[in-house]
Amino acid sequence: MTNRLTNGDSKPQAETPAVPDFSRYKVCDSYSVPVTDSTSAGTTPDTDSPISQRISRRKLQEIDSRLGIRDREVLLAAQKYRYLMTGQIERLLFTDAANPSAGLRAASRNLKKLCNFGLVDSLSRRIGGVRAGSSSLIWYLTHAGERLLRLHHNKAHPIRRFFEPSPHHLAHTLAVAEIAIRLTEICREHEPEIASLQLEPECWRTYSNAGVALSLKPDLYAATTTKEYEDRYFIEVDLDTESPVKIIEKCQRYHTYYHSGLEQMESEMFPLTIWIVPSITRKEKLIRHLKAVFDKQPKLFAIITSDELEQLILEGGDRGMLC
């Protein structure tokens with residue numbers, strides 16, 4: 001576990017980009033597939049497009065020969081994160097543009113190209129029942145996109161059939177992607193380097209308790225390094241949908257895994273578990289409950305809001321968030 005926690009009150013907190021409150025996006029009819037409003041005015045959908053047809057292997061190889069490095073990066077990101085908004089893809093991969101607006105236009109052009117090839121597709125742009133701009137379109141890798149990646153990666157992820165995600169699942173997946181991207185931005189702009197960034201299921205851990213095989217399933221695992229420190233984190237993204245009782249039950253599993261010693265044998269330290277919550281009220285509530293339950297046990301958890309992530313990564317945060 002990192003030992004760099006300091007008194008964060010002694011330094012002003014750096015400003016960070018506004019993070020969407022994905023906890024607001026859990027509206028039952030907020031998402032649909034495919035997108036219904038991406039066709040330009042005065043035009044009709046192309047029923048002969050690759051999206052509406054199964055693409056042969058020969059055709060995939062032809063499409064593959066027309067793709068550039070950036071195209072493949074977008075496809076791999078869509079595979080890794082499962083769902084990404086256009087604006088998230090821009091921040092992740094189009095940072096060489098003159099400004100964010102130019103990067104967003106470049107990302108949109110790239111995604112349109114890949115969509116026309118049938119390699120990606122988008123859900124409805126309605127978020128929380130409110131229409132938003134092109135940056136809010138939500139993209140996913142199609143079956144053809146998965147097959148194309150397998151042309152080059154024999155150990156690529158198993159091909160997943162597409163099912164329309166539930167509003168909660170989609171909101172949580174986007175929120176986890178947002179934290180991973182924000183962490184990438186922090187390390188891009190400052191000293192730490194990302195040594196490892198694992199999403200589920202790669203970040204899951206298996207262990208046993210009383211002879212029963214169990215799994216610890218964080219949303220993310222991250223390791224950052226500087227010249228002086230290496231810090232490791234399990235990250236849980238909370239959308240204020242679970243009761244404190246459920247949070248405590250999961251925290252009990254972290255304590256059980258901690259006492260197994262498996263992580264310490266592997267890396268000589270136990271990661272700090274960061275719970276990222278949507279509001280100060282939720283933060284204070286969880287800190288109060290966790291401190292009451294785990295008062296006499298090792299402090300494995302830090303409870304923060306998303307705009308405190310940069311302070312934690314760069315300065316170690318403050319001890320008031322520990323429990």
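Because only heavy atoms are used, hydrogens play no part in the values below, and waters and symmetry mates are left out as well, while side chains stay in.
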Fill in: Intermediate values then yes/no, side chain to side chain contact (heavy atoms under 4.5 Å, CB included), Leu197 and Ile194
CA-CA 7 Å; Leu197 183 61; Ile194 295 180; 3.9 Å; yes
Worksheet item: Checking salt bridge (Lys or Arg N to Asp or Glu O under 4.0 Å) for the pair Glu236/Lys250: CA distance, chi angles, key distance, verdict?
Response: CA-CA 10 Å; Glu236 295 279 358; Lys250 185 154 193 180; 2.9 Å; yes
Item to complete: Test Ser122 against Tyr140 for side chain to side chain contact (heavy atoms under 4.5 Å, CB included), laying out the working first.
Response: CA-CA 6 Å; Ser122 60; Tyr140 64 93; 5.8 Å; no
Discussion item. Using the rule given for side chain to side chain contact (heavy atoms under 4.5 Å, CB included), can you reason through Cys251 versus Leu290, listing the C-alpha separation, both sets of side-chain angles and the distance that settles it, and then say yes or no?
Written reply: CA-CA 8 Å; Cys251 289; Leu290 294 186; 3.9 Å; yes
Practice prompt. Let me see the working for Arg288 and Lys283 under side chain to side chain contact (heavy atoms under 4.5 Å, CB included), right down to the final yes or no.
Written response: CA-CA 9 Å; Arg288 189 166 59 250; Lys283 171 184 172 180; over 6 Å; no
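Summarising the geometry of Ala144 relative to Gly118, their closest heavy-atom pair is CB-O, 3.5 Å, with the distance given to 0.1 Å. Here the shortest heavy-atom pairing between Ile303 and Val277 reads CG2-CG1, 4.1 Å. The minimum heavy-atom distance linking Ala223 with Arg232 is given by the pair CB-CG, 4.0 Å. Closest heavy-atom contact between Tyr254 and Phe270: O-CZ, 4.0 Å. Across Gly317 and Met321, no two heavy atoms sit closer than the pair CA-CE, 4.1 Å. Nearest approach of Leu92 to Ala77, heavy atoms of both residues: CD2-CB, 4.0 Å.
Residues satisfying the side chain to side chain contact (heavy atoms under 4.5 Å, CB included) test with Ser243, not counting sequence neighbours, are Val245, Lys246. Listed by chain and residue number, Lys59 satisfy the salt bridge (charged side-chain N to carboxylate O under 4.0 Å, His left out) test with Glu62 (two or more places apart in sequence, or in another chain). The salt bridge (charged side-chain N to carboxylate O under 4.0 Å, His left out) test applied to Lys291 returns no partner, not counting sequence neighbours. Residues forming a side chain to side chain contact (heavy atoms under 4.5 Å, CB included) with Arg109 (at least two apart in sequence, or on another chain): Arg105, Ala106. For Glu73, the salt bridge (charged side-chain N to carboxylate O under 4.0 Å, His left out) partners at least two apart in sequence or on another chain are Arg70. Taking the side chain to side chain donor-acceptor pair (under 3.5 Å) definition, one finds that Gln297 meets it with His255, sequence neighbours left out. Residues passing the salt bridge (charged side-chain N to carboxylate O under 4.0 Å, His left out) test with Glu202, sequence neighbours excluded: none. Scored by the side chain to side chain donor-acceptor pair (under 3.5 Å) test, Arg205 finds Glu263 as partners (sequence neighbours excluded). By the side chain to side chain contact (heavy atoms under 4.5 Å, CB included) test, Glu266 is found to be paired with no residue, residues two or more places apart in sequence or in another chain being considered. Annotation: side chain to side chain contact (heavy atoms under 4.5 Å, CB included) contacts of Ala97 (sequence neighbours excluded): Ala102. Here Arg72 pairs with Asp64 under the side chain to side chain donor-acceptor pair (under 3.5 Å) rule; sequence neighbours left out.
Checked by atom type and distance alone, the side chain of His172 pairs as donor or acceptor with a backbone atom of Val237 at under 3.5 Å. Not a single donor-acceptor pair under 3.5 Å links the side chain of Gln311 to the backbone N or O of Glu308. The backbone N or O of Leu119 lies less than 3.5 Å from a partner atom in the side chain of Thr142, making a donor-acceptor pair. When atom types are taken as modelled, the side chain of Glu191 and the backbone of Leu314 share no donor-acceptor pair closer than 3.5 angstrom. Between the Arg182 side chain and the Asp307 main chain, no donor and acceptor come within less than 3.5 Å of each other. Listed for the Gln88 side chain is a donor-acceptor partner under 3.5 Å among the backbone atoms of Met85.
Distance CG/Asp219 to CH2/Trp275: 8.0 Å, rounded to 0.5 Å. A distance of 10.0 Å separates CD of Glu178 from CG of Leu84, quoted to the nearest 0.5 Å. Note that CE of Met269 and CD of Glu230 are 4.5 Å apart. Values are rounded to the nearest 0.5 Å. How far CD1 of Ile181 is from CD1 of Ile186: 12.0 Å, rounded to the nearest 0.5 Å. Once rounded to the nearest 0.5 Å, the distance linking NE2 of His190 with CD of Glu185 reads 10.0 Å. Interatomic distance, CD1 of Ile89 versus CG of Leu104, reported as 10.0 Å (0.5 Å rounding).
Linking Ile, Leu, Val, Met, Phe, Trp and Tyr whenever their side-chain heavy atoms come within less than 4.5 Å puts Phe117 and Leu151 in one cluster. Both Tyr257 and Met265 sit in one connected hydrophobic cluster of ILVMFWY residues. Membership requires side-chain heavy atoms under 4.5 Å apart, directly or through other members.
Between Arg66 and Lys113, every side-chain heavy-atom pair lies at or beyond the 4.5 Å cut-off. For the pair Gln198/Leu220, no side-chain contact is recorded, criterion being any heavy-atom separation below 4.5 Å from C-beta on. For the pair Glu242 and Glu249, the minimum side-chain heavy-atom distance is 4.5 Å or more. The side-chain heavy atoms of Tyr221 and Ser196, taken from C-beta on, include a pair separated by under 4.5 Å. Side-chain contact between Ile276 and Ile235: present, with at least one pair of heavy atoms (C-beta onward) separated by less than 4.5 Å. With a 4.5 Å cut-off on side-chain heavy atoms, Lys80 and Leu199 count as touching. Two residues are said to be in side-chain contact when any heavy atoms from C-beta on lie closer than 4.5 Å; Glu310 and Glu315 fail this criterion. Residues Asp231 and Ile313 have side chains not in contact (no heavy-atom distance under 4.5 Å, counting atoms from C-beta outward).
The number of heavy-atom neighbours closer than 6.0 Å to CD1 of Ile69, taken from other residues, nucleotides and ligands shown, is 12 or below.
The only option from Leu93, Leu149, Asp71, Leu141 that meets the side-chain contact (heavy atoms from CB on, under 4.5 Å) definition with Leu76 turns out to be Leu149.
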Listing, residues 207-216 side-chain donor-acceptor contacts under 3.5 Å, not counting sequence neighbours, or none:
none

